[in-house]
**Student:** 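Below you'll find the structure I mean.
We number each residue from 1, following the sequence as shown. Just follow the structure's listing: the first ligand is 1, and inside any ligand the first atom is 1.
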Amino acid sequence: MPAPKTKVKVALCQLLTTDNKDKNILTAQQAIREAAGNGAEMVVLPEMWNCPYSNESFPTFAEDIEGDSSQSAAAMAEAAKQHGITLVAGSIPEKHAGRLYNTCLVYNKQGQRLARFRKMHLFDIDIPGKISFKESDTLTAGENISVVDTEAGRLGLGICYDIRFPELAMIYARQGVQLILYPGAFNMTTGPAHWELLTKARAVDNQLFVGVCSPARNLEASYHAWGHSMLVGPFGQILTSAEHEPGIIYADLDYEEVEERRKGMPLAAQKRYDLYELADKTASGK
Ligand SMILES: NC(=O)CC(=O)C(=O)O
């Protein structure tokens, strides 16, 4: 692999997801083409971009992605190759050995799969009168973290609810990750309260770039996504952000800023690991 670039143009595609998988795949293909045509070297898709975000839909939309023979995975491998980009293909419901996972796949510009990350913390919440969702009714949690070396930088992956667990981001930072990407679909209760706050917090805590990529809000769906995809820099600054409509947002990242910020404020060296600890007990998965 050529040396990773220090300056990278990233596109986040905030896609409108429907209950028609073929249409969703076409929408993703068109967005990737547009983003690559506008010079993006890395393109990111939302959580569950091929499927409505619901426990009813996960089992029926799920695909076995082994060997990249699934419709969605094959389309994404092809799109990455055709447009010569690094593709962080959001997430799709994955069927594997009798279980379902919420899975993010990453491809290089040759269309080869570099990573498979399964959502590690399942979204099981009950806020009375507001929102109740239990992913564990249909999904199984992943067991592996995923550090991915790409031509567009060293990435760490998480999916949506994973952003609420700072330990995962801290482990990525310790492993030299420059950009953590969380395809995610917050909702109309937690979105306004926490989406931007958590994105900035993970970036500032760890002095790295963080991107969150949501589906657009579909008021015909049972789950109304917050939208507001955004990219935040290592000093907590918003580099680009969307509202709730479909669209593509872009940012030029300069990874040298990570080093610069850490030089000015050397948090990693100032940790008191003599008084507390952070342990990575996972095996990185591909
Ligand atoms: N949908 C999620 O996984 C997470 C979410 O909406 C939240 O944390 O809030």
Side-chain angles (χ1 to χ4, degrees), residues 12-19 24 44-59 61-62 88-94 99-105 116-146 156-170 172 180-203 205-206 210-230 232 241-244:
L12 305 185
C13 301
Q14 187 163 288
L15 307 179
L16 190 76
T17 302
T18 70
D19 56 7
N24 296 335
V44 185
L45 303 185
E47 181 179 27
M48 293 293 179
W49 61 267
N50 75 347
C51 167
Y53 189 78
S54 76
N55 276 316
E56 289 69 43
S57 301
F58 298 151
F61 281 68
V88 179
S91 79
I92 59 171
E94 180 202 0
R99 295 189 163 159
L100 297 180
Y101 299 92
N102 184 340
T103 299
C104 175
L105 303 171
R116 178 190 65 195
F117 173 82
R118 293 170 171 157
K119 188 172 189 172
M120 185 181 276
H121 305 89
L122 294 183
F123 180 50
D124 285 0
I125 67 162
D126 183 16
I127 304 177
K130 295 286 185 189
I131 177 166
S132 161
F133 202 101
K134 200 162 174 227
E135 276 189 324
S136 63
D137 279 346
T138 56
L139 303 179
T140 300
E143 303 279 334
N144 295 327
I145 66 164
S146 205
L157 301 175
I159 298 176
C160 204
Y161 203 52
D162 287 329
I163 199 172
R164 293 188 180 273
F165 300 87
E167 296 84 354
L168 177 61
M170 289 161 73
Y172 283 143
I180 306 180
L181 288 168
Y182 298 95
F186 272 33
N187 49 76
M188 301 302 288
T189 299
T190 61
H194 299 151
W195 175 258
E196 182 178 322
L197 178 72
L198 288 167
T199 307
K200 287 181 168 175
R202 295 297 81 85
D205 282 350
N206 298 294
V210 176
V212 284
C213 187
S214 171
R217 192 172 308 153
N218 182 351
L219 293 176
E220 287 169 16
S222 59
Y223 186 93
H224 297 164
W226 173 237
H228 293 78
S229 300
M230 66 175 68
V232 170
S241 64
E243 294 293 328
H244 63 271

**Student:** Considering distance alone, does some N or O of Glu135 sit under 3.5 Å from an N or O of ligand 1?
**Tutor:** no
**Student:** Would you say the side-chain atoms of Arg116 pair up with the backbone N or O of Leu105, donor to acceptor, closer than 3.5 Å?
**Tutor:**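 No; judged by distance alone, with no hydrogens or angles, the pair does not exist.
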**Student:** Does ligand 1 come near enough to Cys160 that some N or O of the ligand is less than 3.5 Å from an N or O of the residue?
**Tutor:** no
**Student:** Run the numbers for me: atoms of ligand 1, each under 4.0 Å from some heavy atom of Asn187, listed by number.
**Tutor:**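 Answer, ordered by atom number: 6 (O).
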**Student:** Hey, which atoms in ligand 1 end up nearer than 4.0 Å to a heavy atom of Ala185?
**Tutor:**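 Every atom of ligand 1 under 4.0 Å from some heavy atom of Ala185: 1 (N), 6 (O).
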**Student:** One residue to check: Arg164. Relative to ligand 1, which of side chain, backbone, both or neither has a non-hydrogen atom less than 4.0 Å away?
**Tutor:**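 Contact part for Arg164 vs ligand 1: side chain (C-beta onward).
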**Student:** With no hydrogens and no angle check, is any side-chain donor or acceptor of Ser214 less than 3.5 Å from a backbone partner on Ala185?
**Tutor:** no
**Student:** Quick one: sort the Phe58 and Tyr53 rings into parallel, tilted or perpendicular, breaks at 30° and 60°.
**Tutor:**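 Phe58 and Tyr53: perpendicular rings.
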**Student:** Using a 4.0 Å cut-off to any heavy atom of Tyr223, which atoms of ligand 1 qualify?
**Tutor:** 1 (N), 6 (O)
**Student:** What protein heavy atom sits nearest atom 5 (C) of ligand 1, and how far away is it?
**Tutor:**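 Ranking protein heavy atoms by distance from atom 5 (C) of ligand 1, first comes Phe123 CE1, 3.2 Å.
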**Student:** Which word best sums up how the rings of Tyr223 and Phe123 line up, parallel for under 30°, tilted for 30 to 60°, or perpendicular for over 60°?
**Tutor:** perpendicular
**Student:** Distance from Lys119 atom NZ to Glu94 atom CD, nearest 0.5 Å?
**Tutor:**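 These two atoms lie 14.5 Å from each other.
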**Student:** Evaluate the ring planes of Tyr161 and Phe165, with Trp represented by its six-membered ring, and classify them as parallel (under 30°), tilted (30 to 60°) or perpendicular (over 60°).
**Tutor:**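 Tyr161 vs Phe165 ring planes: perpendicular.
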**Student:** Within ligand 1, which atoms have a heavy atom of Thr190 less than 4.0 Å away?
**Tutor:**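 Ligand 1 atoms under the 4.0 Å threshold to Thr190: 6 (O), 7 (C), 9 (O).
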**Student:** Considering only heavy atoms from C-beta outward, does the side chain of Arg118 approach that of Asn144 to under 4.5 Å?
**Tutor:**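 Counting from C-beta outward, Arg118 and Asn144 never come under 4.5 Å.
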**Student:** With a cut-off of 4.0 Å, which atoms of ligand 1 are near a heavy atom of Lys119?
**Tutor:** 2 (C), 3 (O)
**Student:** Is there a heavy atom in Trp195 that sits closer than 4.0 Å to ligand 1?
**Tutor:**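 Checking ligand 1 against Trp195, which is what was asked, there is no heavy-atom contact under 4.0 Å.
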**Student:** Taking heavy atoms and a distance under 4.0 Å, where does Tyr53 meet ligand 1: side chain, backbone, both or neither?
**Tutor:**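 Contact part for Tyr53 vs ligand 1: side chain (C-beta onward).
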**Student:** Is ligand 1 under 4.0 Å from a heavy atom in the side chain of Tyr182, in the backbone, in both, or in neither?
**Tutor:** neither
**Student:** Any side-chain heavy atom of Trp49 sitting closer than 4.5 Å to one from Cys213?
**Tutor:**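 Not touching, per the 4.5 Å side-chain cut-off.
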